[in-house]
Each structure stands twice: as C-alpha cells, then as structure tokens.
Amino acid sequence: MIKSGKNICIITGSRADYDLLKPVIKGLSKIKKFNVKTIITGSHFIQFQTSINTIKKDRIKIFREIKVPYKNDTNSTILKSISLGIEKFDEIFKKNKFDLLIVLGDRYEIFSAVVSASFYRIPIAHLSGGEVTEGAIDESIRHSITKFSTFHFVNNQVYLKRIKQLGENPKNIFHVGSTTVENVNKEKLYSRKDLEKKLNFDFKQENYLITFHPVTFQEDYGLRDFKTILNYFEKRKNIGIIFTIPNSDTKNFFISKMIKKFIKKNKNSKYYGSLGRIKYFSVIKNVDAVIGNSSSGLSEVPSLKKPTINIGTRQKGRLRSKSVIDIKKVTSKNFKNSLKKIKNKKFLRLVNSSRNPYFKSNTTKNILKIIKNLNLKKVNQKKFFDIRGNFK
C-alpha cells in the first residue's frame with residue numbers, strides 16, 4: 001500500500017503520451033499534498049523503443065512497470081493484450097488506494113487501465129478527449145475513456161463542446177490546450193550540425209520526416225498509400241528521409257518491415273525507434289516537411305512553422321492548421337504536387353502566419369491549478385447531462 005493522502009496515479013503507455021504528460025507529472029510532484037505514482041506500460045517496452053531511458057533521465061521515478069506481451073500485430077494479439085492489461089491493472093488497483101487516476105488520449109493500453117480503475121471507483125481525469133479520428137479505432141477508445149472519466153482537460157473549445165455532447169458534466173470539462181504545444185518554441189533545439197552527430201545522419205539539401213501509423217478502419221490499413229510514398233522516394237537518392245516507428249496497432253510490424261527494406265536499399269534514409277522530445281523537434285526544424293498520418297503533424301508541427309502533408313483518413317475529423325496539406329488517397333501525381341506546394345513562397349508565408357488550434361497559454365499551470373482544487377471526496381456516481389432542447 002502507498003502512504004495516505006491524495007495519491008495520484010499517472011499512466012503512460014507510449015513515447016507520445018509521455019511527452020504530453022511529463023510537465024503534469026513533474027508539476028504535481030512538486031505539490032506537497034500529492035503523492036504522485038507513475039506507471040509505465042504499452043509500447044514503452046517494445047524492442048525498438050528507448051523511451052524508458054528518457055523517463056529515467058528526466059528523473060521521474062517509476063512506480064510500476066506493467067508489461068503486456070506483444071508478439072505480433074494481429075487483431076487477436078491486441079485483444080489479448082487489452083484483456084491481460086485489465087488483469088494486471090486489477091492487481092495494482094486492488095493493492096493500492098488512489099484518489100485520482102490521470103490518463104491521456106486514446107490508446108488501448110490506457111483503456112485497459114481505465115476499465116480496471118472504474119471498477120475500483122477511482123475518479124479519472126482524461127487529457128485530450130473530445131477529438132475525432134475517423135480512420136482509426138482510437139476514436140471509439142477515446143470516447144469510451146471519456147465516458148469512464150469524471151474530469152476532462154481538452155485542447156480546443158470545439159472538443160469541449162463535443163464532450164458536453166457525450167453527456168459529461170460541463171463543470172468538469174476544462175479547455176486548457178496542449179501541454180506539448182505551449183512551450184514548443186521555447187525549447188533549446190539542436191543545430192543541424194549537432195543533430196547530424198547525434199543521429200549519425202547526413203542531412204541533404206532536401207529532407208523529410210515520415211511517421212506513418214496503421215489506419216485501422218481502412219481495408220488495407222493504409223499500406224497502399226505508404227507503399228506509394230516509398231516508391232516515390234525510392235529513386236531520389238539526393239533527398240534525406242528520417243522515419244520514426246509506427247504505433248503498436250494492427251499491421252505495424254508490416255509497416256516496420258517496409259521501412260527496413262527501404263533503408264537497406266536507400267542509404268540516404270534512417271529509422272529511429274524513439275528520438276525523444278528535443279531531438280524530435282530539432283528534426284522537424286531541419287526538414288522541409290513532415291509526412292504521414294501522426295497526430296503530431298496536426299498538433300505540434302504547425303507551432304514549429306513547418307508544413308505537414310497529412311496522408312489518408314486516420315486523422316480525418318481532427319482540427320488542423322492551414323499549414324496542413326491533406327491527401328485522402330495518395331497517387332504519385334498528387335504526392336508530387338504536394339511536395340511542390342510546400343516550396344511555394346505564398347504557401348510558406350501561410351505556414352509562418354497560421355494559428356495552431358491546439359495552443360493555449362499557461363496550459364500546464366492551469367491543469368495543475370484545477371487538479372489542486374478538485375474535491376475528490378465528493379465525486380459521486382456520474383450523471384448523464386442531456387443537452388437542453390434536444391430531448392422531450
């Protein structure tokens with residue numbers, strides 16, 4: 001058992017949500033009345049991930065490691081992972097009393113934790129809810145986590161309204177913005193020369209960062225689109241390509257194999273499991289554009305004043321800056337046209353002047369203040385709040 005008081009459990013399941021949760025973890029740990037316990041799970045333990053080392057370097061003490069075996073990328077394996085995750089988190093919540101659980105996003109590893117916590121009547125605070133990603137099963141998981149949660153911290157006023165529409169108490173929904181976006185331009189990034197040494201990668205005159213995840217609601221999981229992109233760059237040895245690892249979704253092993261096969265033939269490309277926040281942002285600043293279907297291309301990249309070429313339907317429905325170019329179905333022609341557009345002076349002026357819909361000042365400060373003032377002793381059974389005028 002952990003010591004009494006306001007015991008807060010924060011769970012991170014990937015390198016992506018850790019970067020968003022890190023300022024909250026560090027901030028709450030400095031508040032004396034809170035005992036913060038950080039649990040890591042999910043893709044932190046995948047072979048090519050080094051994000052655990054990043055957490056340790058950040059001097060964040062890991063309370064528990066919940067390892068769920070992940071041997072391949074089939075639907076059956078993922079479903080078994082969810083089931084086993086529920087069991088393992090059951091053991092944690094059975095033995096430890098928490099006053100609040102804080103989670104972020106839409107990953108199935110986090111969903112397992114939320115289901116278990118709900119049966120132990122632990123109040124849940126959810127960050128980054130209310131968003132829409134029509135091309136991925138993450139959409140359903142995200143809204144499910146919202147319904148299990150009592151407190152909601154959202155990135156945009158549109159998302160706040162959507163959570164109201166889901167029947168959540170308006171008093172418990174807070175528009176705070178994105179923690180990773182608020183200080184992105186204050187980070188001390190590496191110069192190109194230093195970055196080349198750290199990555200052991202020689203930048204070319206033209207360079208791209210590619211992050212492509214499986215599109216779980218698309219018949220071919222987006223593989224045809226990704227293959228078209230690889231085929232385009234196959235014969236262009238004068239372009240530098242940096243790949244990052246895909247999410248641990250169905251068919252992610254297949255995408256990783258495609259990447260490895262590509263870099264074996266193309267020495268102008270490299271593949272990284274986990275760059276870490278500073279190196280990742282430094283790469284973005286030193287490429288011509290970010291290509292793929294990652295949420296980062298919509299949320300973080302615009303603040304770094306770089307174009308995003310967003311591929312397919314995975315992020316369909318999410319708010320985006322004017323710096324984002326959408327290609328619903330990739331062909332050699334429309335992809336080539338997009339690469340031409342990002343070099344257009346008029347478009348580049350638009351990129352530099354565009355507003356990021358995920359930015360709001362003092363995000364972390366406001367989250368900490370709200371959590372500090374929550375009355376966790378009076379969290380009763382949730383009531384569905386109907387939108388007035390819509391029901392008889």
Side-chain angles (χ1 to χ4, degrees), residues 12 14-23 25-26 43-44 46-60 178-212 233 236-246 256 259-260 262-292 294-309 321 323 339 342-343 348 351-352 354 356 358-359 364:
T12 169
S14 71
R15 69 194 191 282
D17 73 6
Y18 170 70
D19 281 339
L20 291 157
L21 287 168
K22 175 183 167 182
I25 296 170
K26 283 186 168 284
S43 62
H44 285 299
I46 290 178
Q47 183 182 357
F48 297 105
Q49 289 281 23
T50 56
S51 49
I52 295 176
N53 294 333
T54 301
I55 295 172
K56 290 177 179 177
K57 283 180 183 177
D58 289 335
R59 296 182 180 180
I60 289 175
S178 169
T179 55
T180 193
V181 168
E182 68 171 328
N183 294 317
V184 66
N185 289 309
K186 296 178 183 178
E187 299 281 10
K188 188 176 181 180
L189 304 181
Y190 299 118
S191 66
R192 176 172 287 202
K193 187 177 179 180
D194 289 339
L195 189 59
E196 285 182 327
K197 288 179 181 177
K198 288 182 178 296
L199 298 179
N200 190 25
F201 177 81
D202 293 324
F203 282 91
K204 308 295 183 184
Q205 189 172 351
E206 186 177 349
N207 305 276
Y208 299 100
L209 171 64
I210 299 178
T211 302
F212 195 89
F233 286 120
R236 290 167 170 82
K237 309 295 183 184
N238 60 329
I239 296 176
I241 306 291
I242 292 176
F243 294 96
T244 58
I245 194 170
S256 293
I259 295 172
K260 289 172 191 174
F262 179 88
I263 62 175
K264 194 174 182 178
K265 294 180 180 178
N266 299 272
K267 303 304 179 184
N268 55 318
S269 61
K270 278 231 172 180
Y271 181 34
Y272 299 93
S274 180
L275 288 168
R277 179 183 172 90
I278 302 302
K279 278 190 280 190
Y280 178 67
F281 287 158
S282 299
V283 168
I284 293 171
K285 290 295 284 186
N286 282 282
V287 296
D288 293 82
V290 173
I291 300 168
S294 170
S295 60
S296 177
L298 276 61
S299 61
E300 296 161 351
V301 176
S303 287
L304 291 161
K305 303 304 178 185
K306 289 289 179 176
T308 296
I309 300 177
S321 163
S323 62
L339 294 177
I342 64 167
K343 297 171 186 174
L348 288 174
V351 170
N352 285 320
S354 61
N356 189 333
Y358 298 89
F359 173 79
T364 302

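We count residues from 1, following the sequence as given. Note that the structure is a prediction, hence the values are computed from the model and not measured.
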In the structure I gave you, are the side-chain heavy atoms of [X] and [Y] within less than 4.5 Å of one another anywhere?
{"X": "Ile210", "Y": "Ile241", "value": "yes"}
{"X": "Leu189", "Y": "Asn286", "value": "no"}
{"X": "Gln205", "Y": "Asn238", "value": "no"}
{"X": "Asn185", "Y": "Lys305", "value": "no"}
{"X": "His44", "Y": "Ile55", "value": "yes"}

Closest non-hydrogen atom pair, [X] against [Y]:
{"X": "Leu209", "Y": "Val287", "value": "N-CG1, 4.0 Å"}
{"X": "Val181", "Y": "Ser299", "value": "CG2-O, 3.1 Å"}
{"X": "Gly297", "Y": "Thr308", "value": "O-OG1, 2.7 Å"}
{"X": "Gly273", "Y": "Ile245", "value": "O-CG2, 3.0 Å"}
{"X": "Val301", "Y": "Pro307", "value": "CG1-O, 4.0 Å"}
{"X": "Lys270", "Y": "Ile263", "value": "N-CG2, 4.1 Å"}

Can you sort out the partners of [X] under side-chain hydrogen bond (donor to acceptor under 3.5 Å, both in side chains), two or more places apart, ordered by chain and number?
{"X": "Ser178", "result": "none"}
{"X": "Asp194", "result": "Ser191"}
{"X": "Tyr208", "result": "Glu206"}

Nearest-0.5 Å distance that lies between atom [atom1] in [X] and atom [atom2] in [Y]:
{"X": "Tyr271", "Y": "Ile242", "atom1": "OH", "atom2": "CD1", "answer": "14.0 Å"}
{"X": "Asp17", "Y": "Ser43", "atom1": "CG", "atom2": "OG", "answer": "7.5 Å"}
{"X": "Leu298", "Y": "Ser323", "atom1": "CG", "atom2": "OG", "answer": "8.0 Å"}
{"X": "Ile259", "Y": "Asn266", "atom1": "CD1", "atom2": "CG", "answer": "12.5 Å"}
{"X": "Leu20", "Y": "Thr364", "atom1": "CG", "atom2": "OG1", "answer": "9.5 Å"}
{"X": "Ser282", "Y": "Leu304", "atom1": "OG", "atom2": "CG", "answer": "9.0 Å"}

Looking at Lys237, I want to see if its NZ is surrounded by more than 12 non-hydrogen atoms of other residues, nucleotides or ligands under 6.0 Å.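 Yes.
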
Donor-acceptor list for residues 196-204 side chains, cut-off 3.5 Å, not counting sequence neighbours:
| from | atom 1 | to | atom 2 | distance (Å) |
| --- | --- | --- | --- | --- |
| Glu196 | OE2 | Phe203 | N | 2.8 |

Checking side-chain polar atoms at under 3.5 Å, does [X] have a donor or acceptor matched by the opposite partner on [Y]?
{"X": "Thr180", "Y": "Tyr358", "answer": "no"}
{"X": "Tyr280", "Y": "Ser296", "answer": "yes"}
{"X": "Ser321", "Y": "Asn356", "answer": "no"}

Could I get the full list of salt bridge (Lys or Arg N to Asp or Glu O under 4.0 Å) partners for Lys22, not counting sequence neighbours?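 Lys22 satisfies salt bridge (Lys or Arg N to Asp or Glu O under 4.0 Å) with Asp58 once adjacent residues are dropped.
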
Before you tell me yes or no, could you show the steps for Leu339 and Ile291 under side chain to side chain contact (heavy atoms under 4.5 Å, CB included), namely the whole-Å CA-CA distance, both residues' side-chain angles and the distance that decides it to 0.1 Å? CA-CA 10 Å; Leu339 294 177; Ile291 300 168; 4.2 Å; yes

According to the salt bridge (charged side-chain N to carboxylate O under 4.0 Å, His left out) rule, which pairs have a member within residues 279-292, sequence neighbours left out?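 Non-adjacent pairs meeting salt bridge (charged side-chain N to carboxylate O under 4.0 Å, His left out): zero.
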
Step-by-step ring pair (Phe, Tyr, Trp, His ring centres under 6.0 Å) determination, Phe233 to Phe262: CA-CA 9 Å; Phe233 286 120; Phe262 179 88; 7.4 Å; no

Stepwise, does the side chain to side chain contact (heavy atoms under 4.5 Å, CB included) test hold for Val351 with Ile342? CA-CA 9 Å; Val351 170; Ile342 64 167; over 6 Å; no

